[in-house]
Amino acid sequence: MTGAHRLGGVTRLDGGLIAGGACVLALLLATPLFGSALIVDKLTLLMIYVLLAVSWNLLAGFAGLVSVGHQTFIGLSGYFVLRLVETGLPPFAALLLGAVAVLLVAWPLSWIVLRLRAAEFAVAMWVIAETVRSVVMFDPLVQGETGRSLVTLNAMDAELRRTAIFLAAVIAAALGLVVSHRLLRGRLGGESQAIRDDEEAAASIGVDTMRVKRVIFLISAVGCAVAGSLWLASAITYQPRTAFGINWSVFMLFMVLVGGLGSFAGPIIGALVLFALQELFGDFGAWYLAGVRVVAILFALYAPRGVVGLLADRFGTEPLSMRKTLIKGAR
Amino acid sequence: MTMIPIDSIQTADPVSAPRQDARVAIPHAPPALLADHLVKRYGSLKALDSVSFQASEGEAVGVVGPNGAGKTTLFGALAGTFPVNSGSIQFRGTEITGMSAQERNMMGIARTYQVPRPFRGMTIFENVLVALRAGGGAEGAVAVEQAAELLERTGLLPLANTPAGAVGLLDLKRLEVARALATRPQVILLDEIGGGLTEAELVKLIALIRGLSEAGLTIVWIEHILHALLKVVTRLVCMAEGRVLAEGDPQEVMADPAVRSAYFGADAE
Amino acid sequence: MADAILQALVQGVLLGGYYAIIAVGLSFMVGVVRFINLAHGDMAVLGAFLVVTLTQALGLPVILSIAIMLPVMAVLGWVMHAVLFERAMRGGFLLPILVTIGLGAALQNGMFGIWGSNTRSLGADIGQLSWASWSVPGGLLVGQLPVLICVCAVLVIGALHLMLRSSKLGRAIKATATDPEAAELCGVDARRAQRAASAIAVSLAALAGVFLAMRGQITPYAGPAQLIFAFEAVVIGGLGSIWGTLIGGIILGISQSLGGLVSNQASLLTGHLVFLVVLMVRLMRTSSAEHGGWRASLRGWRRTRSARDMKGKPA
Amino acid sequence: MTLFAVEDLTCRHGLLTAVQGLSITLNRGEVLCIIGANGAGKTTFMRALAGVHRNTDGRILLDGTDITGLHAFERTRRGIAMSPEGRRLFYDLSVRENLLIASENARPGPWDLPRVLDTFPQLRPIIDLAAGNLSGGQRQAVAIGRALLSNPDVLLLDEVSLGLSPAAVEGVYHSLAALKAEGDIAMIVVEQDLNRALDFADTILCMAEGRTELQGAPDAFSRAQITDAYFGIHDKETAHG
Amino acid sequence: TTDETIRIGWIGPRSGPLGIFGEADAWLAETVTAKHAGGLQIGDRSYAVEIVMVDTQSDPVRASQETRNLINGQAPDIIISSSTPETTNPVADACEASGVPSITTIAPWEAFYFGRGGKPGEKSFKWTYHFSFGAGDFAPLYADGWSKIDTNRKVGMLVPNDADGNAIRAGLIPALEAQGFEIFDAGPYENMSADFSNQINYFKQNDVDIINTFPFPPDFPVFWRQAAQLGLAQELKIMQMAKAGLFAAEMEALGSLGYGLCTGAYWHRDFPTTSPATGLKSAELASGFEETIGKQWTQQAGAQAAFLDVTLAALTASGNPKDKAAVAVALDTLTTETAVGTVDFANGPMPGIATTPLVNCQWVKAAEGPYEFDLEITANALAPDVPISADLKPYKIGG
Ligand SMILES: Nc1ncnc2c1ncn2[C@@H]1O[C@H](COP(=O)(O)OP(=O)(O)OP(=O)(O)O)[C@@H](O)[C@H]1O
Ligand SMILES: Nc1ncnc2c1ncn2[C@@H]1O[C@H](COP(=O)(O)OP(=O)(O)OP(=O)(O)O)[C@@H](O)[C@H]1O
Ligand SMILES: [Mg+2]
Ligand SMILES: [Mg+2]
């Protein structure tokens with residue numbers, strides 16, 4: 001039978017999408033050459049959204065763990081960056097190191113919270129975000145509620161800084177997508193989905209459930225942390241209540257839910273939708289925010305597989321599906 | 001025995017007579033699986049009430065008993081799905097009582113679920129592939145090839161790329177077997193995998209399991225379809241109310257009055 | 001110092017009364033109905049806004065406003081269950097979390113759209129009650145409103161307990177929660193029972209919201225903070241136990257006020273930490289019970305050597 | 001007039017058809033026993049009758065009215081009560097509460113708590129115990145009592161004697177026989193004990209793989225025919241009475 | 001007949017929890033635009049004035065984002081922003097980063113300057129300017145205000161852990177001690193606390209006559225009701241708020257406990273000033289607000305008008321409002337009259353900072369009129385031009 005079967009290759013649609021994605025990436029990297037500052041700034045935000053959505057989706061969509069406390073890592077990385085800059089580190093080094101330092105907190109945390117399930121996990125994460133915020137606010141550097149600005153970044157030329165942060169955001173988002181793609185196509189992806197579908201059965205076929213969950217948890221934490229430090233770099237102002245705000249979770253939830261929980265393309269679509277909604281209706285203030293939530297509820301109840309699910313139903317195949325197909329015939 | 005004419009079951013056998021070539025355990029080798037005085041409580045209920053059980057290397061053991069006897073619970077305890085309240089379990093002489101389900105699988109114990117528990121979000125192929133990679137330690141093209149082979153053997157190949165959530169119960173039961181086998185076990189615990197199969201399908205199933213047994217796999221099989229069970233197993237354990245009622249040669253166990261009243265529900269007059 | 005501790009304990013207990021009442025509806029939903037409503041805090045705030053509006057815009061007496069608001073919120077809870085929760089409950093544990101967190105955020109912004117940003121309070125509408133106090137022997141002063149809230153909490157919890165224990169509806173709700181199908185077989189309309197449970201929980205939340213508005217202020221965004229307190233009280237008190245909610249609330253209140261004694265900044269933090277510790281201890285206790293004792297369970301917490309290394313499988 | 005009629009009932013679990021085209025009729029005072037191997041579809045059939053399994057085709061008529069579209073609780077209130085497989089007591093509630101729930105939501109009728117306690121006197125001493133702590137026989141008594149408190153016209157009993165000691169089985173059948181003698185209630189009983197079934201039933205229905213294998217008066221079939229059908233050893237010559 | 005348009009970006013909270021600060025904005029923007037419909041004469045050119053309004057929704061994240069969008073999308077010549085460090089700091093940061101001049105106000109200047117990492121003495125920010133009262137202004141204000149009645153000069157401080165609070169703790173407490181007050185600081189606490197009994201006991205034990213607090217506004221009623229419950233309010237002579245108690249709405253929410261509370265004010269309808277940008281006198285600003293908005297006047301009416309005064313003055317002083325550097329240079333030394341008095345950047349405490357005066361006020365039960373509370377001016381040491389309208393009365397529950 002050797003050589004009689006193999007994994008299905010990339011479909012033509014997906015090939016097109018990947019090629020298109022590569023073009024978009026190239027285009028993005030070149031944007032600072034021709035795009036206005038406005039465009040660059042907006043795209044930076046979009047990239048941060050993509051990174052957040054991808055990170056959160058890893059945990060919720062593939063490991064079945066809904067966290068409403070991932071703002072912990074967003075806020076914490078900002079704080080670490082501030083602290084590191086205060087010690088005299090150059091800001092860009094601090095941005096990178098701050099995000100990585102989040103692992104120091106996420107790793108021990110994972111030992112505890114990953115033993116919790118479902119709602120207990122969700123709520124415990126939220127309380128942890130609040131707890132970490134309280135602790136961070138003890139540091140006189142952040143001045144309690146008020147927070148602090150990353151003023152050292154202002155020393156840099158505005159144009160250069162904007163470009164650098166934008167490129168960093170594009171690379172981070174692209175890296176996030178590539179890493180999650182590799183992971184999900186690999187052994188870990190299958191195992192995490194198995195855990196999501198049935199943790200007990202997954203253990204019974206030899207999946208080290210704790211390890212898999214921990215790896216995914218840490219990756220999603222680092223993803224959020226990188227997004228957090230990019231956010232700080234572009235906003236410059238750090239405020240604990242905002243950085244640790246539940247709103248981050250609501251946004252991540254919205255993007256992933258609307259795009260398609262547990263799909264690869266979903267978070268990207270979700271980020272685009274949120275971005276578009278914000279551009280179009282952001283001026284309606286609270287009613288816009290309420291509307292965004294209502295849309296999320298409607299999706300949760302009536303299209304739980306999101307836009308990607310709708311597309312899949314319409315066209316028969318899911319775009320950029322993580323599904324592995326078995327094909328007859330040697331390569 | 002008023003209600004179950006064993007002879008008639010045997011004559012209805014579509015494959016062959018019961019196996020006579022039972023593999024005899026090597027005298028001093030430790031049993032593949034040894035459970036000693038297992039107790040499992042659910043609140044006030046003792047689902048396992050001091051159950052001792054053993055399966056020698058390469059042996060095929062059948063487990064029968066009325067509903068709620070504790071058969072599935074025994075499987076859970078052996079596979080490490082949940083910890084027992086007391087008692088100990090050994091695998092080839094190694095103490096495994098405190099080990100997790102995953103570690104036991106890694107050592108070579110695989111189980112199927114009576115109520116199938118597929119990974120519904122994944123295809124049949126992916127279900128098997130994840131088991132091959134996680135428990136079976138296979139990688140790359142080899143894993144794919146082995147998955148295809150397992151699917152072939154369990155008759156699931158045509159459904160390979162169908163989501164597991166979308167196939168019927170019988171196919172899910174086959175998937176249970178394929179997925180357990182994918183972890184390359186030395187002991188496989190089969191829980192009512194024959195229920196609901198047609199005669200023709202039963203024939204295939206029996207052939208599959210006998211093949212496994214002949215390849216040296218230790219098999220423990222819970223089944224209510226006796227005639228199928230008896231074509232594979234060389235020893236029978238009957239449980240009732242969390243205890244082992246009788247064990248030994250299948251014919252003798254079936255004839256045991258306690259078994260007849262507890263399991264077959266008929267008054268042993 | 002002893003004086004300060006005594007005072008802190010008394011205040012903690014009184015504060016706990018409020019936490020108990022904000023938590024009891026949530027406890028009822030989570031523990032008895034087995035539905036997690038992350039919009040609980042926002043429903044509390046919504047109830048409070050209704051009373052504020054009835055009282056301040058229409059000039060009704062507070063008591064009358066509450067009497068009008070409670071059934072309105074009950075109907076809202078009923079409808080909410082019929083339209084949202086029922087559907088969400090069928091989708092496993094994920095959907096209720098997603099739906100109710102979305103609902104909460106939608107409520108917050110909707111309330112903001114309607115009532116705007118001003119902080120509102122019922123303190124002025126209840127006159128002296130909002131600050132009057134009794135002095136008790138030992139030089140302690142205890143506020144009348146906190147005592148009233150405490151008494152209310154005990155009454156509500158007692159009533160809920162009685163309702164669950166010996167009313168037709170209570171039995172129907174409990175039965176439905178354990179086994180909706182068996183309940184239907186007994187002639188219970190399971191959906192109605194669950195909707196009624198939601199109606200009760202939502203109106204209890206709203207009542208708590210009114211107390212919040214009496215003892216402090218409310219804004220459309222005040223809900224999530226209340227939800228956290230409520231959740232902490234429920235978990236500390238033990239899921240599924242209605243009286244436990246009272247104990248949980250009081251423990252939370254006392255932790256916060258004792259924590260405040262150490263450092264004012266540590267007050268809320270202490271509450272969070274007590275919650276996390278209780279959660280962890282309970283987790284370890286369950287796993288130790290399952291594994292037959294603490295030692296065995298600790299062994300389980302330590303990751304054993306990889307079984308694959310130990311034994312090795314045939315390649 | 002026929003009290004209870006089922007026409008061509010088919011039930012599915014997802015893609016699996018668990019019951020295929022079953023039809024029965026029943027009058028007051030009549031008892032139908034359903035027998036069949038594990039997984040034959042008996043429970044699914046009973047659940048469909050009671051209205052808790054809703055993925056069905058076919059019609060169910062009570063007193064000539066089509067009740068197919070009704071919810072389980074509505075059927076209970078119209079006179080179909082079931083003691084389900086596994087008893088399904090409310091384990092954290094007391095025996096009294098278990099019984100009260102049924103009587104509170106029942107239509108008016110002859111059955112009330114005292115009468116149930118007279119019928120099952122063994123429940124008196126344990127009335128305030130949590131149902132989860134009862135023995136198998138006690139549980140079964142509570143489950144049947146609970147069903148009776150709904151004052152049914154049609155009583156569905158799934159696995160009446162399963163897990164009961166012979167004495168307990170004797171007791172239950174004694175009560176059921178008395179009920180049958182009163183002639184007000186029609187009963188459908190799933191029974192694994194063939195002798196019991198043959199003794200107690202006016203009609204037996206033997207199922208295998210969701211289909212009717214045998215249907216008719218108990219004495220219309222030979223023992224061999226029944227046992228063959230019972231174990232799903234499907235033989236076209238001997239099946240169908 | 002205008003040659004060019006000056007575009008002013010005005011970013012402020014108009015919805016969300018801080019929305020009350022922005023109530024007057026739209027009306028003031030209209031008034032100013034209408035007044036300059038014929039063009040603003042700068043040098044020899046006349047410019048049309050366009051004010052672009054942006055709502056932060058009280059969200060610092062959105063404030064930062066919208067500022068960048070505004071800068072990139074609409075090329076404003078200047079950006080102005082006000083009300084709380086949570087608004088001004090992110091906006092100023094974004095402006096500084098993009099090289100657009102900005103003026104901000106209504107946030108203690110220390111919270112603005114040090115909160116953003118400014119260093120004392122040196123010119124830390126190139127593009128961002130701020131005028132407001134400062135923590136240092138409170139000591140003379142209070143020393144004057146509290147001396148109007150007889151007290152034991154023991155002061156309890158209730159100050160949270162935030163930028164305002166830290167600035168106060170560092171600056172005000174020593175200054176008050178220097179003025180001969182005995183200070184009892186209950187220590188920093190986290191906002192949104194539900195229980196203040198520890199602090200109240202501390203104050204009671206030390207028998208304070210005066211309490212001074214700078215709370216997050218929603219915390220104050222919780223504290224104050226508890227203070228009444230625990231008998232502290234009954235023993236006090238002066239309850240001095242800052243940050244909280246700026247608006248009548250807050251007092252209304254307190255009911256009878258609100259009569260007699262003291263608060264500093266950065267503007268009042270009795271200020272003897274005129275706003276050049278709107279052309280309205282203080283009393284006119286207040287009544288205009290009440291007519292247009294339909295609510296009781298707030299300090300924001302005048303403060304925001306002053307804000308526009310400074311903005312137009314800076315643009316005018318630059319000589320060329322389209323030249324960002326020129327605007328910034330003009331701001332370095334700008335001195336101008338506004339609705340809140342003289343704003344003088346040349347002699348500010350830090351480069352780019354100007355201070356404005358405060359008066360001390362007491363909320364009293366309104367004698368007449370449609371509103372429940374009136375704000376009486378009781379002390380004016382920092383703004384001697386402003387007339388005192390009432391004597392300070394010792395606090396008594398119910399007024
Ligand atoms: N998770 C559980 N919680 C409480 N009781 C349980 C649980 N699992 C099983 N039981 C009880 O334990 C007893 C044994 O159940 P088990 O599933 O082992 O029976 P079984 O022999 O496999 O029966 P069947 O032939 O019906 O599959 C039953 O009374 C069952 O109700
Ligand atoms: N919830 C379910 N989902 C899927 N399949 C089911 C479900 N319940 C039962 N089945 C399947 O439907 C078929 C009929 O089951 P049913 O429980 O009706 O049989 P039964 O005759 O009552 O068996 P037993 O004697 O074991 O009680 C079986 O193949 C069973 O596996
Ligand atoms: Mg079983
Ligand atoms: Mg059954």
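Quick caveat: nothing in here was measured; it's all calculated off a predicted structure. Note on naming: letters A, B, ... go to the chains in the order of the sequence lines (proteins, then strands), and numbering restarts at 1 for each one. Atoms considered below: every heavy atom in the structure, side chains included; atoms not considered: hydrogens, waters and symmetry mates.
From C:L269, atom CG reaches atom CD of E:E190 across 7.5 Å, with rounding to the nearest 0.5 Å. Interatomic distance, E:F196 CZ to C:S267 OG, rounded to the nearest 0.5 Å: 9.0 Å. With rounding to the nearest 0.5 angstrom, the CD atom of C:Q7 is 7.0 Å from the NZ atom of E:K204. Here the straight-line distance linking atom OG of E:S197 with atom CG of C:L9 works out to 10.0 Å at 0.5 Å rounding. Going from atom CD of E:E250 over to atom CD of C:Q217 covers 7.0 Å, rounded to the nearest 0.5 Å.
Within the 4.5 angstrom heavy-atom criterion, no atom of C:A225 approaches chain E. Proximity to chain E is absent for every atom of C:M111, based on heavy atoms less than 4.5 angstrom apart. The contact between E:Q234 and chain C is made entirely by side chain atoms (from C-beta outward), counting heavy-atom distances below 4.5 Å. For E:L254, the part lying near chain C is the backbone, with the side chain staying farther off; criterion is any non-hydrogen pair under 4.5 Å.
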Review item, side-chain donor-acceptor pairs of residues 210-217 of chain E, under 3.5 Å, at least two apart:
unit_1, atom_1, unit_2, atom_2, d
E:N212, ND2, E:Q240, O, 3.2
E:T213, OG1, E:L158, O, 3.0

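Between chain E and the residues C:S263, C:S121, C:A8, the most heavy-atom pairs under 4.5 angstrom are made by C:S121. Contact count against chain C (heavy-atom pairs under 4.5 Å) is highest for E:N198 among E:D219, E:N198, E:N161. The candidate from C:S135, C:A266, C:G216, C:G123 with the greatest count of non-hydrogen atom pairs under 4.5 Å with chain E is C:G123.
Side-chain contact between E:Q226 and C:Q11: present, with at least one pair of heavy atoms (C-beta onward) separated by less than 4.5 Å.
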* Could you walk me through whether C:L145 and E:R225 pass side-chain contact (heavy atoms from CB on, under 4.5 Å), step by step? => CA-CA 10 Å; C:L145 182 62; E:R225 291 210 180 91; 5.7 Å; no
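C:S133 approaches E:A228 most closely through the heavy-atom pair OG-O, 4.4 Å.
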